[in-house]
Structures are given as C-alpha cells and as structure tokens.
Amino acid sequence: MRAGRWRRGSFLGLLLAVALVAAGCGGGDDDKSSGAQSGGTKLEGLITPGTLTVATELPAPPFWIGDDYDHITGGFEVDFAKELAKRVGLANVKFVEMPFSGLVAGQQCPCDINFSQVTITPDRDKVVDFTEPYFDANQGVLAKKGITVANLDDAKKVRWGVQLNTTANSYLADKIKPATEPRVFDRTTDAFAALNAGQIDAVMLDTPIVLGAVKEKEVKDAEVVGQFKTGEVYGAVVNKGSKNVDAFNTAIKAMKADGFRDQLFKKYFADQAAVPEIPV
C-alpha cells in the first residue's frame with residue numbers, strides 16, 4: 001500500500017469500504033484456506049480446514065507421550081504443537097503418522113507440519129522446508145549397565161546401534177569411527193530391542209530421546225552415560241514449497257521470545273543438563 005494524505009471527507013468513504021470488504025470475507029466457497037492468520041499471513045492448503053494436522057513417528061517420549069496417535073497425553077512437541085495451533089488461529093489439532101526415514105528423504109507428509117526431533121542439515125533442507133529452530137540437542141549415549149563410554153577410545157570399542165538416516169549415524173561414521181561397524185535400524189524401537197537383547201552395547205541418539213527411553217522404561221538395565229556436544233538444532237518440517245512457513249515461524253519466534261518454549265523444556269527435560277559431556 002502506498003502512503004498518501006487523507007482528506008477529512010475520506011473517513012466516511014473508508015468506513016463504507018471496510019464494511020463492504022468485511023461482508024465479502026464472510027467465508028464463501030472460494031475460500032480454500034482455513035481463514036486463520038498469523039502476523040497477517042493467511043494459512044493455505046491445510047489438510048483439514050480449521051485444523052492443524054501434525055505428524056510424527058511414535059514412540060518418542062518425552063517429546064510425545066502416548067501409545068497411539070489417538071491417545072496422546074502430552075509431551076514437549078505435543079504441547080508445542082498445540083500452542084502453535086492456537087497462535088496461528090486454529091481451533092483443532094490432529095496427530096497422524098509419518099515414518100522418520102521417509103520424512104527426511106523428502107517423501108510427502110500427510111500433514112501441515114511435522115515435529116519429529118529433526119535436526120536441520122543442508123542435505124535435508126534440499127528436500128523439505130524447515131521452520132525456525134525450536135530445540136537444541138546433542139548426541140546421547142544409551143548403554144547397557146557396565147559399559148563405560150568416558151572418552152573417544154571407549155567409544156571406538158563399543159558395538160553401536162543407530163537409527164537409519166539420523167545425524168547420529170553420520171556422527172558415528174565421521175567422528176567416532178568405531179572398530180565394529182554399527183548396526184543400523186529403521187526405527188528407534190528396533191534399536192532399543194536390540195539393546196535389550198544384548199545384541200549391541202549402546203545406542204546413539206539425541207540426548208533427550210534416550211533420556212526419555214530410560215524414563216519410560218523402553219529399555220532395561222541401561223542408562224544414559226554421556227553425550228557428545230554437537231550443537232544440533234531441531235526444526236519442524238513442512239512439505240517443500242509450503243506457503244505456511246512464515247506464519248509458523250512468526251508463532252515459533254514468539255513462543256521462544258515470551259518464554260513458552262523454555263517453560264516446556266524445564267517441564268520435560270530438567271535432567272538433560274546433568275548428563276556428562278564426552279570429550280572427543
């Protein structure tokens with residue numbers, strides 16, 4: 001809009017114009033978006049009008065707490081997504097499944113936004129779009145009791161398990177270079193099962209994820225013995241070319257600025273700071 005001078009007589013005309021515009025925006029059939037706005041940006045192409053459809057891969061405590069997608073009871077990303085929906089003007093939230101390996105490979109997500117503890121990397125940015133970062137994470141070591149990982153030499157001797165297409169997989173290959181090739185699993189639950197069965201000594205995944213696995217008793221006779229500081233950050237994922245990134249970013253920045261994000265971190269990850277850092 002260009003700036004200009006107003007004449008006093010224009011005020012009545014302005015009121016009439018506003019009334020006509022309001023009448024024309026009453027939600028006709030040609031409005032294909034939800035009608036919600038954030039910072040003046042209208043959301044477009046939602047899976048379901050009036051609803052934020054959020055995808056992830058379960059289980060992922062304490063980011064997601066619940067046995068299935070219809071019975072989610074809480075979690076960091078759950079609470080974060082619900083608040084995001086409110087801030088972009090959507091009354092409802094629906095949770096759906098999206099496999100992690102497919103997501104980071106660029107497969108189309110049946111969602112408006114995906115929260116799956118996804119580290120932002122240049123390669124992933126080529127196939128999906130990321131929002132503003134919302135979480136800082138390091139690589140944690142979940143080991144069977146009796147296994148020591150206090151330094152790089154210890155780490156090289158470990159029989160590792162890792163999830164496919166994760167940054168942990170790359171970190172093991174590029175930084176740790178273990179003597180035994182790590183076993184790669186499609187899902188975190190498969191890696192935890194192998195650890196429980198004694199097929200591997202330790203699992204490397206993001207520190208908050210392995211802490212959640214211990215807390216929720218997904219593993220037995222195992223503990224988080226340390227973490228490698230990697231400086232990774234998570235971003236929510238949207239399908240490539242989504243027109244809603246700006247609206248989501250506006251809300252996420254506000255949630256960080258006003259302390260909402262930090263409150264959730266204290267609620268779900270108070271124990272993360274106590275995990276010792278492993279020097280490399």
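Using a cut-off of 4.0 Å between Lys/Arg side-chain N and Asp/Glu carboxylate O, D123 and K126 are scored as salt-bridged. For the pair D271 and K215, the salt-bridge criterion is not met [side-chain N within less than 4.0 Å of a carboxylate O].
Annotation: ring-ring contact (aromatic ring centres under 6.0 Å, His included) contacts of F185 (sequence neighbours excluded): none. Looking at residues two or more places apart in sequence or on another chain, you find no ring-ring contact (aromatic ring centres under 6.0 Å, His included) involving F192. For the ring-ring contact (aromatic ring centres under 6.0 Å, His included) test, no residue two or more places apart in sequence or in another chain qualifies with Y268. Judged as a ring-ring contact (aromatic ring centres under 6.0 Å, His included), and not counting sequence neighbours, the contacts of F228 are Y171.
By the rule that hydrophobic residues join a cluster once side-chain heavy atoms approach within less than 4.5 Å of another member, V275 and V225 end up as members of separate clusters. V280 and V149 end up in the same hydrophobic cluster when Ile, Leu, Val, Met, Phe, Trp and Tyr side chains are linked at under 4.5 Å. V104 and V233 fall within the same hydrophobic cluster, defined by Ile, Leu, Val, Met, Phe, Trp and Tyr side-chain heavy atoms under 4.5 Å apart, directly or through other members. M98 and F248 are not part of a single hydrophobic cluster, where members link through side-chain heavy atoms under 4.5 Å apart. V203 and I278 are not part of a single hydrophobic cluster, where members link through side-chain heavy atoms under 4.5 Å apart.
Within the 4.5 Å cutoff, the side chain of K240 has no heavy atoms near those of the V128 side chain. For the pair V118 and F100, the minimum side-chain heavy-atom distance is below 4.5 Å. Side-chain contact between I113 and L84 is present, with heavy atoms from C-beta onward closer than 4.5 Å. The side-chain heavy atoms of V237 and C109, taken from C-beta on, include no pair separated by under 4.5 Å. Residues V224 and Q272 form no side-chain contact, since every pair of their non-hydrogen atoms from C-beta on lies 4.5 Å or further apart. Contact of the K144 side chain with the L195 side chain is registered, since non-hydrogen atoms from C-beta on lie closer than 4.5 Å. Under the 4.5 Å side-chain criterion, counting only non-hydrogen atoms from C-beta, V210 is not in contact with Q227. By the 4.5 Å heavy-atom criterion applied to side chains, V219 and V214 are counted as neighbours.
More than 12 heavy atoms of other shown residues, nucleotides or ligands fall within 6.0 angstrom of atom NZ in K156. Counting non-hydrogen atoms of other residues, nucleotides and ligands closer than 6.0 Å to CG of D153 gives a total above 12. In this structure, K86 places its NZ atom where only 12 or fewer heavy-atom neighbours from other residues, nucleotides or ligands lie under 6.0 Å away. Within 6.0 Å of NZ on K256 lie more than 12 heavy atoms contributed by other residues, nucleotides or ligands.
For the atom pair OG1 (T250) and CG (N244), the distance works out to 11.5 Å, reported to the nearest 0.5 Å. Separation of atoms CG (D112) and OG1 (T53) is listed at 4.5 Å; rounding is to 0.5 Å. How far CD1 of I147 is from CG of D221: 12.0 Å, rounded to the nearest 0.5 Å. Here the NZ atom belonging to K82 is positioned 12.0 Å from the CG atom belonging to L52, to the nearest 0.5 angstrom. Separating the CG atom in D136 from the OG1 atom in T119 is a distance of 10.5 Å, to the nearest 0.5 Å. Here the CG-OG1 distance, from L46 to T51, works out to 8.5 Å after rounding to the nearest 0.5 Å.
A pairwise comparison of heavy atoms in L152 and K175 identifies CD1-O, 4.0 Å as the closest pair. Nearest heavy-atom pair, G161 versus I200, reported as atom, atom and distance to 0.1 Å: CA-CD1, 3.7 Å. The heavy-atom pair separating N239 from C111 by the smallest distance is ND2-O, 3.8 Å. Closest heavy-atom contact between Q163 and N169: O-CB, 4.0 Å. When all heavy atoms are compared, the tightest approach of G198 to R159 is O-NH2, 3.2 Å. Of all heavy-atom pairs between M204 and A168, the closest is O-CB, 3.3 Å.
Residues E77 and T56 bring no donor and acceptor atom of their side chains to less than 3.5 Å of each other. A side-chain donor from one of D206 and Q139 sits under 3.5 Å from a side-chain acceptor of the other.
Taking Ile, Leu, Val, Met, Phe, Trp and Tyr as hydrophobic and joining them when side-chain heavy atoms fall under 4.5 Å apart, one finds V96 isolated, its cluster having no other members.
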Where do L103 and N165 land on the side chain to side chain contact (heavy atoms under 4.5 Å, CB included) test, with the steps shown first? CA-CA 10 Å; L103 176 73; N165 290 338; over 6 Å; no
Let me see the working for T167 and T230 under side chain to side chain contact (heavy atoms under 4.5 Å, CB included), right down to the final yes or no. CA-CA 10 Å; T167 52; T230 56; over 6 Å; no
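For D129 (side chain) and V238 (main-chain N/O), no donor-acceptor pair under 3.5 Å exists by modelled atom type. Using a distance-only test at 3.5 Å, with no hydrogens or angles considered, no donor-acceptor pair links the side chain of R261 to the main chain of A254. At distances below 3.5 Å, not a single donor-acceptor pair connects side-chain atoms of D68 with backbone N or O atoms of L58.
Screening residues 110-167 for ring-ring contact (aromatic ring centres under 6.0 Å, His included) gives F63-F135, F76-F135, F80-F115, F80-Y134, F115-Y134, F135-Y234, F135-F265, F135-F269 as the qualifying pairs, with residues at least two apart or on separate chains.
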